[in-house]
Participant: 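Quick one: this structure, given as structure tokens, is what I'll be asking you about.
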Amino acid sequence: MCGRFASTTKPEDLVELFGVEQWDPTETIAPSWNVAPTDSAYAVLERTPKGLPDPVRQLRVLRWGLVPAWSKSPESAVKMINARADTVHEKPSYRQAFASRRCLLPIDGYYEWETIPVPGRAKPRKQPYFVSRTDGGVLALAGLYEFWRDRTRPADDALGWLVTCTIVTTEAEPLLAPIHERMPLFLDPGAYDAWLDPGRTDPDELRSLLVAPAPGALRAVPVGAAVGNIRNNSPDLLRPLTDAERNFGGAGGGTTLF
DNA sequence: CCAGACGTTGTT
DNA sequence: GTCTGG
DNA sequence: CCAGACGTTGTT
DNA sequence: GTCTGG
């Protein structure tokens with residue numbers, strides 16, 4: 001799955017990479033090596049302005065954790081950080097967003113925790129990994145977004161709209177499966193246009209864009225436990241564990257190597 | 001008909 | 001908002 | 001996802 | 001043990 005990630009690419013660079021036509025520089029967030037659910041994140045999406053024929057590609061800041069438009073409160077649905085690719089087109093909470101509000105979430109990589117049973121102890125050990133593109137490029141995660149109106153605020157209050165997002169997940173590819181059974185889906189540049197086009201609403205066609213990556217496209221590197229605490233946030237979270245650090249605490253011998 | 005859910009993951 | 005369960 | 005809390009009353 | 005907050 002995907003429950004924590006790093007996002008440090010400058011918005012100006014994201015604008016270049018994704019062919020963004022519209023970005024409001026006041027919508028800027030600090031680089032983060034520890035983005036958690038309910039945090040803000042950059043998203044690339046397309047909206048068609050009233051009276052215009054074509055959608056405009058934008059870079060926006062959304063809150064991670066999708067809140068369906070019909071939710072009574074924004075907390076009730078904050079667990080919706082992931083959406084299963086195999087059912088996303090039919091789930092009441094996601095299908096409208098899937099039909100017309102798809103986005104890309106550009107990230108450097110995400111964290112995955114391997115659960116390692118410790119003989120004789122109830123609590124297993126949790127070994128975090130940082131998963132990123134082997135070629136070092138930005139990962140364009142497949143996402144959905146949704147608008148939620150806060151009725152406790154005045155009708156003309158711009159802050160009365162909450163825009164949230166979720167990440168589409170699938171079965172882990174074979175190389176990652178030993179760490180974790182699920183993983184987020186990402187798109188290759190050739191699929192960006194079709195995925196973002198709000199004019200495309202055929203679920204089967206859209207689902208065909210969600211394909212597993214080639215084996216080896218992603219790499220997983222074991223990192224320190226500090227990432228577990230969201231108060232920790234620095235490039236040091238990405239530093240690979242040394243062999244000595246991995247052996248120290250590692251019950252039952254070595255961890256999976258890449 | 002109304003009431004209540006609407007999600008994913010991991011672990012047992 | 002819309003579907004499911006009772 | 002992990003870390004950290006885990007409560008009620010009365011008053012503003 | 002389980003829920004909430006970030």
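Convention: sequence-line order gives letters A, B, ...; per-chain numbering from 1. Predicted model only: the values in this text are computed from it and were never measured.
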Participant: At less than 4.0 Å, is any side-chain N or O atom of T115(A) found next to OP1 or OP2 of dT11(B)? Yes or no.
Facilitator: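 Yes, within the criterion.
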Participant: Rounding to the closest angstrom, what is the interatomic distance between dA5(B) and dG6(E) at atom C1'?
Facilitator: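 Comparing C1' positions in dA5(B) and dG6(E) gives a spacing of 26 Å.
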Participant: Would you mind classifying the nucleic acid contact of T38(A) as base, sugar-phosphate or nothing, using non-hydrogen atoms under 4.0 angstrom?
Facilitator: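 Base, at least one base heavy atom under 4.0 Å.
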Participant: What is the distance, to the nearest angstrom, from the CZ atom on R95(A) to the C1' atom on dT4(C)?
Facilitator: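 After rounding, the gap between these two atoms is 12 Å.
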Participant: Between dC2(D) and dT8(B), how many Å separate the two C1' atoms, rounded to a whole number?
Facilitator: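 The same atom, C1', in both gives a distance of 16 Å.
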Participant: Under 4.0 angstrom, heavy atoms only, what part of the nucleic acid is R63(A) near: base, sugar-phosphate, or nothing?
Facilitator: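 If one applies the 4.0 Å heavy-atom cut-off, R63(A) turns out to touch nothing in the nucleic acid.
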Participant: Calculate the interatomic distance between I81(A) atom CD1 and dC6(B) atom P; express it in whole Å.
Facilitator: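 Atom-to-atom, I81(A) to dC6(B), this comes out as 17 Å.
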Participant: Answer yes or no: does a side-chain N or O of K126(A) lie under 4.0 Å from OP1 or OP2 of dT11(B)?
Facilitator: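 Yes, K126(A) has a side-chain N/O under 4.0 Å of OP1/OP2 on dT11(B).
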Participant: What's the CG-P distance between D39(A) and dG5(E), to the nearest Å?
Facilitator: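 These atoms are roughly 15 Å apart.
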Participant: Would you indicate whether the side-chain heavy atoms of Y110(A) and Y129(A) approach each other to under 4.5 Å?
Facilitator: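 No. Closest side-chain heavy atoms not under 4.5 Å.
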Participant: State which of dC1(D), dG7(B), dT9(B) makes the closest approach to the side chain of N82(A).
Facilitator: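 Nearest to the side chain of N82(A) among the choices is dT9(B).
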Participant: Taking only the side-chain heavy atoms of K79(A) (C-beta and beyond), determine which of dT9(B), dC1(D), dG7(B) contains the nearest atom.
Facilitator: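 Closest nucleotide among those given: dG7(B).
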Participant: Determine the interatomic distance between C1' on dC3(E) and the same-named atom on dG7(B); round to the nearest Å.
Facilitator: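 16 Å, rounded to whole Å.
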Participant: Does a donor on one side chain and an acceptor on the other come within less than 3.5 Å for S32(A) and N34(A)?
Facilitator: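 Checked: S32(A)/N34(A) side chains show no N/O donor-acceptor pair below 3.5 Å.
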Participant: On DNA chain B, nearest-nucleotide positions of W70(A) versus C2(A): which is more 5'?
Facilitator: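 Its nearest nucleotide lies further toward 5', so the answer is W70(A).
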Participant: From the options dT2(C), dG7(B), dG6(E), select the nucleotide whose nearest atom is closest to the side chain of A36(A).
Facilitator: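 Closest nucleotide to the A36(A) side chain: dG6(E).
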Participant: Give the rounded distance in Å between these two atoms: NE2 of H89(A) and C1' of dT2(C).
Facilitator: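 Going from NE2 in H89(A) over to C1' in dT2(C) covers 16 Å.
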Participant: Looking at every strand, decide which applies to T87(A) at a 4.0 Å heavy-atom threshold: base, sugar-phosphate, or nothing.
Facilitator: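 Sugar-phosphate only.
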Participant: Using purine N1 to pyrimidine N3 plus N6-O4 or O6-N4 for Watson-Crick, or N1-O2 and O6-N3 for G-U wobble, both under 3.5 Å, which nucleotide pairs with dC1(B)?
Facilitator: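 Because both required distances fall under 3.5 Å, dC1(B) counts as paired with dG6(C).
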Participant: Across all strands shown, which nucleotide pairs with dG7(D) by Watson-Crick or G-U wobble geometry, both distances under 3.5 Å?
Facilitator: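 Across any shown strand, dG7(D) pairs with none.
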Participant: Just to verify, which of V20(A), T28(A), L104(A) counts as forming a side chain to side chain contact (heavy atoms under 4.5 Å, CB included) with Y42(A)?
Facilitator: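 Option passing the side chain to side chain contact (heavy atoms under 4.5 Å, CB included) with Y42(A): T28(A).
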Participant: Heavy atoms under 4.0 Å, any strand shown: does Y94(A) hit a base, just sugar-phosphate, or nothing?
Facilitator: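 The answer is sugar-phosphate, as Y94(A) gets under 4.0 Å only of primed atoms, P, OP1 or OP2.
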Participant: Strictly below 4.0 Å: does R84(A) bring a side-chain N or O up to OP1 or OP2 of dT9(B)?
Facilitator: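 Yes, R84(A) has a side-chain N/O under 4.0 Å of OP1/OP2 on dT9(B).
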Participant: Checking side-chain polar atoms at under 3.5 Å, does E205(A) have a donor or acceptor matched by the opposite partner on S208(A)?
Facilitator: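 The criterion, which ignores hydrogens and geometry beyond distance, is not satisfied for S208(A) and E205(A).
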Participant: When you measure from the side-chain N and O atoms of R182(A) to the phosphate of dT9(B), is any distance below 4.0 Å, counting only OP1 and OP2?
Facilitator: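 For R182(A), the contact criterion (side-chain N or O under 4.0 Å from OP1 or OP2 of dT9(B)) is met.
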Participant: Please report the distance, rounded to the nearest Å, between NZ in K72(A) and P in dA3(B).
Facilitator: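 Rounded to whole Å, this separation is 12 Å.
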Participant: What is the distance, to the nearest angstrom, from the CZ atom on R149(A) to the C1' atom on dG1(C)?
Facilitator: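 Rounded to whole Å, this separation is 17 Å.
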Participant: Cut-off 3.5 Å, side chains only: do D150(A) and T152(A) have a donor facing an acceptor?
Facilitator: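 Yes, T152(A) and D150(A) have a side-chain donor paired with an acceptor closer than 3.5 Å.
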Participant: Please confirm whether the shortest side-chain N or O distance from N229(A) to OP1 or OP2 of dC1(D) is below 4.0 Å.
Facilitator: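 The answer is no; no side-chain N or O of N229(A) sits under 4.0 Å from OP1 or OP2.
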Participant: Over all strands shown, is T166(A) touching base, sugar-phosphate only, or nothing at heavy-atom distances under 4.0 angstrom?
Facilitator: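 Contact class for T166(A): none.
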Participant: Starting from C1' on dC1(D), measure out to CG on N232(A) and report it in whole angstrom.
Facilitator: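 Spelled out: CG on N232(A) to C1' on dC1(D) is 14 Å.
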Participant: Suppose you measure atom P in dC1(D) against the same atom in dT12(B); what distance do you get, rounded to whole Å?
Facilitator: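 It comes out at 14 Å once rounded to the nearest Å.
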Participant: Does the side chain of S71(A) get closer than 4.0 angstrom to OP1 or OP2 of dC6(B) through an N or O atom?
Facilitator: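 So the side chain of S71(A) is outside the cut-off, no N or O lying under 4.0 Å from OP1 or OP2 of dC6(B).
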Participant: Taking the side chain as every heavy atom from C-beta outward, state whether R60(A) and D24(A) have any atom pair closer than 4.5 Å.
Facilitator: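 No, every pair of side-chain atoms sits at 4.5 Å or beyond.
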Participant: Fit a plane to each ring of F147(A) and W161(A), take the angle between them on a 0 to 90° scale, and name the class: parallel (under 30°), tilted (30 to 60°) or perpendicular (over 60°).
Facilitator: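 Taking W161(A) first and then F147(A), their aromatic rings stand perpendicular (interplane angle over 60°).
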Participant: So, W113(A) and dC1(D): ring centres less than 5.5 Å apart, planes less than 30° off, yes or no?
Facilitator: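 No; centroid distance or tilt outside limits.
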Participant: From CE of M80(A) over to C1' of dT4(E), roughly how many Å is that when rounded to an integer?
Facilitator: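 That distance rounds to 16 Å.
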